[in-house]
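Here you go, one structure.
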Amino acid sequence: MRPRLAKFIFVTGGVMSGLGKGVVSSSIAKLLQLSDQRVSCVKIDPYLNYDAGTMNPIAHGEVFVTEDGGECDMDVGNYERFLNQDMPKSHNITTSQVYSTVIEKERRGDYLGACVQIIPHVTEEIKSRIRRTAEEESLDMLVVECGGTVGDIESLPFLEALRQIRVEDGPESVAFVHVTLAPSIDAVGEQKTKPTQHSVQELRRIGIQPDYVAVRCEKELEGPTRKKIALFTNVPERDVLSCHDVGTIFRVPHVMYDQGIVDSMFKKFGKVGLVNTSNRWADWTSIVDSLERPGEDVKIAMVGKYVDLPDSYVSVNLALRHAGASIGRSVSIDWIDSETLREGSLGGYGGIIVPGGFGTRGAEGIIAAAEHARATDTPYLGICFGFQLAAVAFARGACGIGGATSSELDSSAEDPVVGILPGQEGAGMGGSLRLGAHEIELTGGSRAEAIYGARSITRRHRHRYEFNLDYRGRFAREGMVFSGQSDSGRRMEVLEIPSLRFFVGVQFHPEFSSRPGSPEGAFGAFVSAAAGI
């Protein structure tokens with residue numbers, strides 16, 4: 001018999017997408033971690049893409065990169081920030097990954113001539129991946145978030161697999177948390193319960209009775225609303241949870257704890273004890289308080305390609321706020337579309353940041369923003385694409401190379417100061433970038449070394465183009481220093497202009513390493529410079 005050690009918490013969603021299942025999942029996991037449980041999270045994405053790598057950030061949100069090079073859903077970033085632990089790419093399961101494995105097994109003959117079907121073959125593969133994560137990591141509890149909305153065709157095999165786990169492990173080992181919505185109609189002023197009622201009915205129709213209903217609402221769930229939801233969903237009133245708006249998502253664990261979810265889960269799972277009121281709980285509260293504490297605003301202009309959806313840059317936004325909280329300042333971010341950037345629109349900001357991106361659209365606006373920062377000595381932080389186009393701007397403005405560009409923008413350019421990675425010519429889009437954590441050597445005495453307090457760091461990457469070493473000497477003569485390198489000096493990772501207050505570009509993605517209470521170094525230094533500290 002297979003040992004059944006881990007408890008599973010399955011988080012589903014209803015009514016509509018974007019309700020915050022990832023925050024609810026992360027918050028539950030954080031509370032369990034603070035209760036001395038060994039816990040982690042898994043995100044199920046029912047879409048047919050193999051991973052999030054080729055998905056448009058404006059439609060889907062940012063692509064989060066793991067240490068081991070996974071291109072994952074942005075909720076994986078939430079898990080890392082809440083739990084302060086790295087997630088491997090295996091913690092993001094997609095339909096394509098599951099079906100690819102099933103088809104490979106069928107081709108090898110692993111199914112011994114059986115007619116391969118959704119049940120049992122696909123559902124068994126889903127269950128196997130979930131159980132393997134819990135067993136290999138020796139977890140006490142695993143929170144599994146099922147993406148999409150109940151009723152979506154593509155999510156049905158996953159929900160069926162989760163239902164089967166409860167049958168196999170028993171209700172004392174599995175809890176279902178269903179995230180729904182109680183909208184308030186302004187004209188009426190009443191919290192409406194019908195969307196939640198219908199969503200839970202759909203979930204029950206496929207054989208799943210939720211143990212908890214987490215209700216998203218603008219204001220705290222009212223008593224009559226809670227009572228009505230309990231009546232029509234067959235969930236005890238104490239387990240109908242108000243997930244109302246708060247100042248920061250990192251406050252949600254407190255909101256859920258105050259409603260008794262940990263005590264309730266421990267009783268359900270037969271565990272004895274309450275939340276450990278240890279230093280970890282006090283430390284977490286202190287971190288959250290610092291994020292909500294008002295302070296003098298630091299105005300930052302974020303010039304990017306995907307500003308229509310703030311979630312496109314969620315890790316950058318949060319990293320800036322982590323950095324601001326560490327110096328007692330609030331960070332005010334204006335998202336500026338690089339495609340429509342106008343002359344004079346960057347005045348009055350304490351700093352300019354350019355996050356990652358791909359493609360030609362809006363590139364000239366980013367180049368103009370980098371040149372403005374250099375010419376006006378405005379603190380600048382360029383990340384990945386922002387690093388590359390800062391180099392282009394410097395080539396044009398400081399080195400006099402009028403035709404300087406990136407081969408991503410013009411494949412036939414005479415002066416490609418940024419070129420494609422060796423071996424990337426003709427490569428497909430999916431999974432072909434330079435991905436994951438790589439070691440970076442920093443130059444002694446440089447600003448980069450001062451930022452990180454070390455001569456060597458490891459950071460995550462996601463790029464296909466990099467600085468062309470043929471131009472390094474000319475850049476150096478005009479005052480730009482490449483103070484971070486990798487692969488024995490073959491790749492440039494950090495650029496800086498020492499003569500300016502703060503002008504730094506990094507080829508890697510520092511935002512993926514930032515945590516509440518522990519801001520990533522480049523962000524901390526940039527926000528401090530923007531604040532005049």
Side-chain angles (χ1 to χ4, degrees), residues 298 300 319-320 322-324 326-327 350-354 370-371 373-395 397-401 404 417-418 434 437-461 463 466-515 518-533:
V298 181
I300 301 294
L320 287 169
H322 300 162
S326 71
I327 59 171
I352 298 169
I353 186 169
V354 177
E371 179 58 21
R374 187 183 72 86
T376 61
D377 197 7
T378 301
Y380 175 88
L381 177 61
I383 299 170
C384 195
F385 202 48
F387 164 94
Q388 296 165 7
L389 296 190
V392 171
F394 188 82
C399 302
I401 309 174
V417 298
V418 175
R434 186 176 189 237
H438 296 273
E439 187 175 1
I440 300 159
E441 298 299 324
L442 304 178
T443 303
S446 66
R447 182 185 294 273
E449 185 197 30
I451 287 172
Y452 290 107
R455 292 292 298 275
S456 178
I457 61 172
T458 300
R459 288 295 184 271
R460 304 178 196 186
H461 295 67
H463 66 102
E466 61 184 24
F467 180 74
N468 185 343
L469 291 177
D470 291 344
Y471 294 87
R472 185 178 180 183
R474 191 161 178 181
F475 274 51
R477 288 192 295 273
E478 299 301 330
M480 178 172 281
V481 174
F482 287 94
S483 55
Q485 306 166 23
S486 62
D487 288 355
S488 302
R490 289 191 292 270
R491 304 179 193 276
M492 299 298 101
E493 296 276 3
V494 183
L495 62 78
E496 58 184 73
I497 303 178
S499 62
L500 300 180
R501 284 191 295 151
F502 188 95
F503 192 101
V504 173
V506 294
Q507 181 60 78
F508 51 89
H509 284 267
E511 67 271 25
F512 297 143
S513 301
S514 188
R515 302 283 188 269
S518 181
E520 201 278 341
F523 281 94
F526 168 67
V527 171
S528 292
I533 297 175

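Along the sequence shown, residues carry numbers from 1.
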For a quick test of reading the model, state the closest non-hydrogen atom pair linking Ala529 to Arg501 and the distance between them. O-NH1, 4.0 Å

Which is it for Leu495 and Phe467 under the side chain to side chain contact (heavy atoms under 4.5 Å, CB included) test, yes or no, and what are the steps along the way? CA-CA 10 Å; Leu495 62 78; Phe467 180 74; over 6 Å; no

Any side-chain heavy-atom pair of Phe385 and Val354 under 4.5 Å: no

Considering non-hydrogen atoms only, spot the tightest contact between Val527 and Ala323 and give its length. CG2-CB, 3.7 Å

Of all heavy-atom pairs linking Gly386 and Tyr380, the shortest is O-OH, 2.8 Å

With heavy-atom distances below 4.5 Å as the criterion, would you say the side chains of Arg459 and Glu493 are in contact? no

Check: residues 472-481 side-chain donor-acceptor pairs under 3.5 Å, at least two apart:
{"residue": "Arg474", "atom": "NH2", "partner": "Cys399", "partner atom": "O", "Å": "3.0"}

What I'd like to find out is whether the side chain of Ile383 reaches to under 4.5 Å of the side chain of His509, using heavy atoms alone. yes

Got Phe482 and Leu469 here, is their nearest side-chain heavy-atom distance under 4.5 Å? no

Rounded to the nearest 0.5 Å, how far apart are CD1 of Ile440 and CZ of Arg491? 11.5 Å

Flag, side chain of Ser518 to backbone of Arg515, donor-acceptor distance under 3.5 Å: no

If every non-hydrogen atom of Ser446 is compared with every non-hydrogen atom of Glu449, which pair is closest and at what distance? OG-N, 3.1 Å

Quick one, Ile497 and Phe394 - any side-chain contact, counting heavy atoms below 4.5 Å? yes

Ignoring hydrogens and angles, state whether a donor on the side chain of Glu520 or Tyr452 is under 3.5 Å from an acceptor on the partner side chain. yes

Glu441 vs Ser486, test: side chain to side chain contact (heavy atoms under 4.5 Å, CB included). Steps then yes/no. CA-CA 6 Å; Glu441 298 299 324; Ser486 62; over 6 Å; no

Got a second to check how far Ser483's OG is from Ile451's CD1, nearest 0.5 Å? 7.5 Å

Answer yes or no: is there a side-chain heavy-atom contact under 4.5 Å between Phe387 and Val418? no

Has Ser514 got a side-chain atom pairing as donor or acceptor with Glu511's backbone, closer than 3.5 angstrom? no

Using 0.5 Å steps for rounding, measure from the CZ atom of Arg434 to the CZ atom of Phe508. 11.0 Å

Any sub-3.5 Å donor-acceptor pair from Arg455's side-chain atoms to Leu442's backbone N or O? yes

As an exercise, state the distance from NE2 of His438 to CD1 of Ile457, rounded to the nearest 0.5 Å. 13.0 Å

Looking at Glu466 and Gln507, what are the two nearest heavy atoms and their distance? CA-OE1, 3.9 Å

Here the gap from Phe503 atom CZ to Thr378 atom OG1, rounded to the nearest 0.5 Å, amounts to 10.0 Å

Validation row: Gln485, Arg490 side chains within 4.5 angstrom (heavy atoms): no

Okay, side chain of Glu496, backbone of Ala448: is any donor-acceptor separation there less than 3.5 Å? yes

To the nearest 0.5 angstrom, please state how far the CZ atom of Phe526 sits from the CG atom of Leu381. 6.0 Å

Which pair of non-hydrogen atoms, one from Ala395 and one from Val417, has the smallest distance, and what is that distance? CB-CG1, 4.0 Å

Could you tell me if the side chain of Arg447 sits less than 4.5 Å from the side chain of Leu500, heavy atoms only? no

